[in-house]
Protein chains: 2
Amino acid sequence: MPDSGAPACLLCLFRHVCHNAGPQAPLPHAPMALQPELVEVRTGEHVFRQGRPALTVYPLRHGSAKQVYESPLGWRQVTGFSLPGDVLGLEPHEGPVYGTGAIALQDAMVCAVSVESLRTLMQAAPFRETVLEAMRRNAERERVLLVAVGSMRAPQRLAMLLLDLAGEQARRDGNRDGALTLAMSRTDIASLLGLTLETVSRLLSRFASVGLISVRQRHLRIIDRDGLAAVYADLDPAPRQAAARSEAYGGEFGEPRLA
Amino acid sequence: MPDSGAPACLLCLFRHVCHNAGPQAPLPHAPMALQPELVEVRTGEHVFRQGRPALTVYPLRHGSAKQVYESPLGWRQVTGFSLPGDVLGLEPHEGPVYGTGAIALQDAMVCAVSVESLRTLMQAAPFRETVLEAMRRNAERERVLLVAVGSMRAPQRLAMLLLDLAGEQARRDGNRDGALTLAMSRTDIASLLGLTLETVSRLLSRFASVGLISVRQRHLRIIDRDGLAAVYADLDPAPRQAAARSEAYGGEFGEPRLA
DNA sequence: CGATAGATTGATGCAGCTCAACGCGTGTGG
DNA sequence: CCACACGCGTTGAGCTGCATCAATCTATCG
């Protein structure tokens with residue numbers, strides 16, 4: 001029977017086609033076909049492993065997770081964090097296997113939706129569009145991360161992450177006071193951003209000492225959002241011009257750093 | 001009329017469904033439906049621009065191109081290079097707009113295939129699989145790049161790129177003697193790898209002085225492939241252990257650098 | 001209450017960025 | 001045909017941001 005919907009269900013991709021989500025406006029031509037099994041995943045355990053057959057996607061109900069990619073040579077890197085409402089294992093190209101692994105950052109609850117049923121549902125145009133839109137957001141995220149890691153300085157990268165986390169948080173519970181609980185370790189953050197855990201720790205302390213945030217362990221509050229945004233945009237600390245011009249002409253590429 | 005196929009056509013995704021490609025074994029249930037218009041793109045010009053409606057994909061016939069991504073804040077970064085046979089503008093998630101831009105590195109010739117006809121053709125399962133496989137390779141490439149930029153040292157990154165370029169080259173003309181012509185500038189390489197052009201230049205010189213390669217301007221030859229591979233795998237220079245273990249257990253993530 | 005994992009902080013070093021000068025190769029105009 | 005300029009590449013010298021190594025502190029849990 002419907003459990004009337006967890007808070008995460010309100011943001012879930014599948015909310016309009018899932019009985020678990022409770023009463024929702026249905027989508028035209030998309031039947032309420034889903035009543036996914038709930039699966040518990042304990043802290044540090046895999047939701048799924050990279051390279052295994054991708055038969056299921058996992059909307060996240062409670063808890064949080066990190067995506068981890070392991071390159072052919074065995075280098076591992078965190079490629080993203082997921083919060084309730086996100087769908088884990090959603091690959092854009094119907095891969096036969098998972099392209100990354102997902103590991104719970106805390107005891108978590110996920111729904112198990114077979115990709116088979118997902119594919120069926122995606123035959124309905126409006127639902128398909130929703131899913132594709134989510135995939136596009138994921139791809140955009142990865143690209144932003146690549147640029148960050150490839151051409152921004154450590155403080156900018158961290159500021160970016162904090163702003164992103166706060167934004168996601170706000171999108172979920174509407175909590176705009178900037179209070180965050182970091183489910184991931186400093187090591188995970190460092191891996192995502194291409195830094196070391198010491199650097200992350202130091203930067204958090206520095207941000208705090210400058211009044212941008214407050215931190216104690218994994219409890220963090222954003223105090224000066226605009227200040228953080230300025231760090232992200234690099235208007236602040238380093239001898240580095242504002243820059244950033246669009247509409248590239250010819251052979252140009254010009255990051256700000258080289259402008 | 002069929003032009004009997006350029007060399008690039010032999011590797012093209014569309015070779016089995018395209019009249020331009022000349023005689024090819026047809027794919028079951030996939031008609032020879034394509035006879036794309038040829039378009040010339042001059043050095044430094046866009047094949048298409050990021051953010052514009054993605055109505056066409058462009059198999060590359062002659063020349064080469066770079067993909068450039070510009071983040072919302074205006075930071076630009078090269079995200080990849082394309083060689084003849086690659087399909088430019090192929091987005092995994094049928095985006096309404098191009099997620100990156102593509103710029104010709106030299107005077108180039110592309111075929112123009114409407115995504116509409118592409119979608120039609122993809123209804124045939126065997127063809128669809130081919131295309132999806134290509135998309136997966138692209139995604140994998142981006143992830144490898146992310147890991148490289150995020151956690152490998154400059155020499156490894158460059159070695160990786162050279163090996164990759166040589167591999168692609170070999171896949172095309174079977175030329176396994178390691179001779180490459182770099183169509184892209186040092187600046188482009190630096191952008192891709194998250195380095196500066198000076199570092200790239202210095203590293204190429206260093207590689208050459210150690211006998212791994214020879215370089216003169218944009219002509220490059222790989223002399224010691226295994227040596228380069230060793231640099232890539234980081235068995236060589238830095239005080240950094242071999243590492244790389246698979247089958248991650250719980251909360252671990254462990255890049256070699258931090259192991 | 002000891003043990004263990006995570007986080008903070010400090011001291012030190014170096015890889016790679018920055019700034020700068022120069023070399024090469026190609027095109028352009030006198 | 002040479003002079004010059006301009007884009008691209010190379011090389012050097014110096015500096016610094018971040019990694020590295022190491023010690024200590026804090027939380028959590030058996």
Side-chain angles (χ1 to χ4, degrees), chain A residues 42-44 105-107 149-158 181-191 193-209 213-220 231 234 236-241 249-259, chain B residues 43-44 105-106 148-158 181-191 193-209 214-220 231 234 236-241 249-259:
Chain A
R42 213 94 62 164
T43 305
L105 289 170
Q106 53 193 274
D107 290 353
V149 169
S151 32
M152 303 197 326
R153 318 187 133 281
Q156 299 181 69
R157 298 185 211 174
L158 186 58
T181 298
L182 303 176
M184 68 296 287
S185 69
R186 304 288 130 108
T187 306
D188 288 331
I189 296 175
S191 174
L193 301 178
L195 302 170
T196 58
L197 77 174
E198 293 98 325
T199 298
V200 171
S201 183
R202 265 186 260 271
L203 284 174
L204 285 174
S205 301
R206 165 138 50 112
F207 284 175
S209 77
I213 63 174
S214 68
V215 232
R216 212 189 55 230
Q217 300 291 127
R218 296 195 173 185
H219 296 282
L220 187 147
V231 172
D234 200 5
D236 194 49
R240 188 152 273 100
Q241 68 259 55
Y249 53 94
E252 268 326 312
F253 89 108
E255 287 91 320
R257 69 193 311 195
L258 296 175
Chain B
T43 305
L105 290 170
Q106 53 194 275
V149 169
S151 33
M152 303 197 327
R153 318 185 130 277
Q156 299 180 69
R157 298 184 212 175
L158 185 57
T181 299
L182 303 176
M184 68 297 288
S185 70
R186 304 289 129 109
T187 306
D188 288 331
I189 296 176
S191 173
L193 301 178
L195 302 170
T196 58
L197 77 175
E198 293 98 326
T199 299
V200 171
S201 183
R202 267 186 258 269
L203 283 174
L204 286 175
S205 300
R206 167 140 46 114
F207 285 176
S209 77
S214 66
V215 233
R216 211 189 57 232
Q217 300 291 127
R218 297 194 174 187
H219 296 283
L220 187 147
V231 172
D234 199 8
D236 196 48
R240 187 153 274 98
Q241 67 258 54
Y249 51 93
E252 267 328 310
F253 88 110
E255 286 90 322
R257 71 195 306 198
L258 297 174

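Bear in mind the structure is a predicted one, so any value in this text is a computation, not a measurement. So that the names make sense, note that chain A is the first sequence line, chain B the second, and so on, each numbered from 1.
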Measuring from S151(A):OG to D234(A):CG, what's the distance to the nearest 0.5 Å? 11.0 Å
Could you pull out all residues at least two apart from S201(B) that satisfy side chain to side chain donor-acceptor pair (under 3.5 Å)? none
Could you tell me the separation between the CG atom of D188(B) and the P atom of dC8(D), rounded to a whole number of Å? 9 Å
Distance in angstrom units between L158(B) CG and dT10(D) P, rounded: 11 Å
Do the non-hydrogen side-chain atoms of L195(B) and V149(B) ever get within less than 4.5 Å of each other? no
With sequence neighbours left out, the residues meeting side chain to side chain contact (heavy atoms under 4.5 Å, CB included) with R186(B) are L182(B), L197(B), V200(B), L204(B), R218(B)
Between T43(A) and D107(A), is there a donor-acceptor pair closer than 3.5 Å when you use the side chain of the first and the backbone of the second? yes
Find the bend of the helix from dC1(C)-dG30(D) to dG30(C)-dC1(D) as the angle between its two terminal axes (five pairs each), to the nearest 10°. 30°
Where do V231(A) and F207(A) land on the side-chain contact (heavy atoms from CB on, under 4.5 Å) test, with the steps shown first? CA-CA 10 Å; V231(A) 172; F207(A) 284 175; 4.2 Å; yes
L220(B) atom CG is separated from dT10(D) atom P, nearest whole Å, by 10 Å
Considering residues at least two apart in sequence or located in another chain, which fulfil the side chain to side chain contact (heavy atoms under 4.5 Å, CB included) criterion with S205(A)? none
In whole angstrom, what separates M184(B)'s CE from dG9(D)'s P? 11 Å
Output the rounded distance in Å from CG (L182(A)) to P (dG6(C)). 15 Å
In Å and rounded to the nearest 0.5 Å, what is the CZ to OG1 distance from R202(B) to T196(B)? 7.0 Å
Nearest whole Å is fine: how far is dG16(C) C1' from I189(B) CD1? 17 Å
Could you tell me how far apart R153(B) (CZ) and dC18(D) (P) are, to the nearest whole angstrom? 14 Å
Integer-rounded Å distance: dG17(D) C1' and D234(A) CG: 13 Å
Annotated protein contacts, base or backbone, on nucleotides 8-13 of chain C with a non-hydrogen cut-off under 4.0 Å, one of B, S, - each: BBBB--
Compare the minimum distances between each of dG16(C), dA19(D), dT18(C) and the side chain of L195(A), then state the nucleotide with the smallest one. dA19(D)
Identify, with sequence neighbours excluded, every residue that meets side chain to side chain donor-acceptor pair (under 3.5 Å) alongside Q217(B). none
